[in-house]
Visitor: 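Following this message is one structure expressed as structure tokens.
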Amino acid sequence: MTAIQREKMDYDVVIVGAGPAGLSAAIRLKQLDPDRSVVVLEKGSEVGAHILSGAVLDPCGLDALLPDWRTMDAPIKTEVKEDNFYLLGPAGQIRIPNWPMPPLMNNHGNYIVSMANVCRWMAGVAEGLGVEIFPGMACSELVYEGDTVVGVVAGEFGRDPETREPGPSYEPGMELRGKYVFLSEGVRGSLAKEVIGKYQLSNGHCPQKFGLGMKEIWEIDPSKHREGTVTHTMGWPLGKNAGGGSFIYHLENNQVYVGFVVHLNYANPHLYPYMEFQRFKHHPMVADLLKGGKRVAYGARAISEGGWQSIPKLVAPGVALLGCSAGLVNVPRIKGNHNAMLSGKAAAEAAHAAITAGRARDELAAYETEVRSGPIARDLKKVRNVKPLWSKFGLTASLMGGGLDMWTNTLGFSLFGTLKHGKSDAAATGLAKDFQPIDYPKPDGKLSFDRLTNVAFSFTNHDENQPAHLVLKDPSVPIAVNLPKYAEPAQRYCPAGVYEVLGEGQDATFRINFQNCVHCKTCDIKDPSQNINWTTPQGGGGPNYPNM
Ligand SMILES: Cc1cc2nc3c(=O)[nH]c(=O)nc-3n(C[C@H](O)[C@H](O)[C@H](O)COP(=O)(O)OP(=O)(O)OC[C@H]3O[C@@H](n4cnc5c(N)ncnc54)[C@H](O)[C@@H]3O)c2cc1C
Ligand code: SF4
């Protein structure tokens, strides 16, 4: 095969992903030196199209990056007024009072936002400073020189759907080269995964842990809408089957964000996270709120949950991991946007100092030091034992032990030291024969919806004339291994119904409806055989989220 020739463009810093981490880095680089050349590449059809977050935003990241944001017409208007926490049973709920909660759990001073809209606004700020932003440009490959990352390939189109070789309308895309490449792809970034593997950045750290977050936007009866109200629940319907919980955030315009997170370390391969979410909406407390309303959007995205123990080494020659590509979420607070912004700012400052000193393509050690000793470290260290306690001892132990540990950490010491995470989420999957299948009620079409109907509300779309971006390392594994051992859980864990087993016995086949994919990355994480590799589809494909 002849080598592919590509046009090359040189920048000071090449940034992959226009989320809060990447955009913060771009803004900070231009604040420090308006002449710095900075490019941001985004696979979504526009900035924000692939952004899915809760979101209650702790503004500390934005305060550090853009101290005047309150006068800059930011789409950050709804202050949190009320914080509720409930433990659900099948027919009722117990309200957990706010007073035993550690202060860090308090949402006072935070805002309910659409992070998709916040990113659209941040992109405008970045462009105003001279940053080049190219949406619809999926970064499909890293470019190396020797052992150093020197750039990325973006905007490749037209490979043959069957052979994966350049087809008749092939466009090779461009090679964008930088003195530094920032990977801010969010959770389970495909290039970040390659870099973590190649440079063994996770050695000496716990495996990253994940959850699957699913979210709907509802327009509800105005008489039930209480702007600024934040509600979190735990318990039913997951019970002992899995860890997780819900969020209900009342934003503006009678809209409510209803979301549900399932920790991906669950053992029972019959568990169906999407159906758990649908069932949750039938709880009397939730059903009362949603009755008479309508669901206007749906989406899903994995969330990193490993926290402090799982942060890999953040730098390798020429490249740095930012935001959720490094897993900077504070799990009990379900917040990562502030740390994504702080990491973007820190990486930009390290790159600026390095380039000013005449350096290029080395390791940005100053960035690593800042993340491990600055505000991100202070935020994540305090909560580092909550997730391992939950995984090992369940919800009650994590509420009590984790709560106490967060209190003592606030005072400067920990009861448990630093607990380790167990196996990877893929390895935590148990054998189908050891668990009972779960009988889920059929969606009623009013409060709950079947998966494919809901996927239409993610507005996802992929050109069919391209190779499937979900690549099986060994195509025989789903039917030969996963089906007999795990009842092929891809059929259930995918929140978009991409994977299907058709037929039975000798006739069983595995189908991948890649057009439906919403880029949540769960299959790449949870497949027990680690046989699915999520790669980038052609740019512009994927969900088209409105105000997620
Ligand atoms: C259900 C859910 C609820 C959450 N709730 C909250 C909350 O209430 N508060 C909070 O603070 N945090 C919350 N989080 C966490 C928060 O959303 C993340 O911490 C945050 O999005 C991380 O920002 P990021 O910039 O690292 O990545 P992202 O926001 O994921 O952005 C990454 C961007 O990179 C693009 N990209 C990825 N790969 C490529 C590629 N190869 N080429 C080109 N573009 C690429 C993506 O399309 C995307 O636009 C929640 C997360 C989930 C899933
Ligand atoms: S195919 Fe994978 S990445 Fe796409 S929606 Fe399904 S689980 Fe998520």
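Just follow the structure's listing: the first ligand is 1, and inside any ligand the first atom is 1.
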Visitor: Are a donor atom and an acceptor atom from the side chains of Asn461 and Asn544 found within less than 3.5 Å of each other?
Guide: no
Visitor: Are any of the side-chain heavy atoms of His469 and Trp534 separated by less than 4.5 Å?
Guide: yes
Visitor: Ring of Phe210, cation from Lys521 - is the NZ or CZ under 6.0 Å from the centre and inside 45° of the axis?
Guide: no
Visitor: Would you kindly say whether Asn117 and Arg120 are connected by a side-chain donor-acceptor distance under 3.5 Å?
Guide: yes
Visitor: Between Phe182 and Tyr180, is the ring centre distance below 6.0 Å?
Guide: no
Visitor: Any chance the rings of Phe510 and Tyr499 have centres within less than 6.0 Å?
Guide: yes
Visitor: So, Asn339 versus Asp379: side-chain donor-acceptor pair below 3.5 Å or not?
Guide: yes
Visitor: Near ligand 1, which protein residues have a heavy atom under 4.0 Å away?
Guide: Val16, Gly17, Ala18, Gly19, Pro20, Ala21, Leu41, Glu42, Lys43, His50, Ile51, Leu52, Ser53, Gly54, Ala55, Val56, Met137, Ala138, Cys139, Ser184, Glu185, Gly186, Gly213, Phe247, Tyr249, Arg301, Ala302, Ile303, Gly323, Cys324, Val329, Ile334, Lys335, Gly336, Asn337, Ala340, Thr536
Visitor: Quick check: closest heavy atoms across Ala326 and Pro312, and the distance to 0.1 Å?
Guide: O-CD, 3.5 Å
Visitor: For atom 2 (Fe) of ligand 2, count the protein N, O or S atoms found under 2.8 Å away.
Guide: 1
Visitor: Between Gln278 and Glu216, do the side chains contain a donor N or O and an acceptor N or O under 3.5 Å apart?
Guide: yes
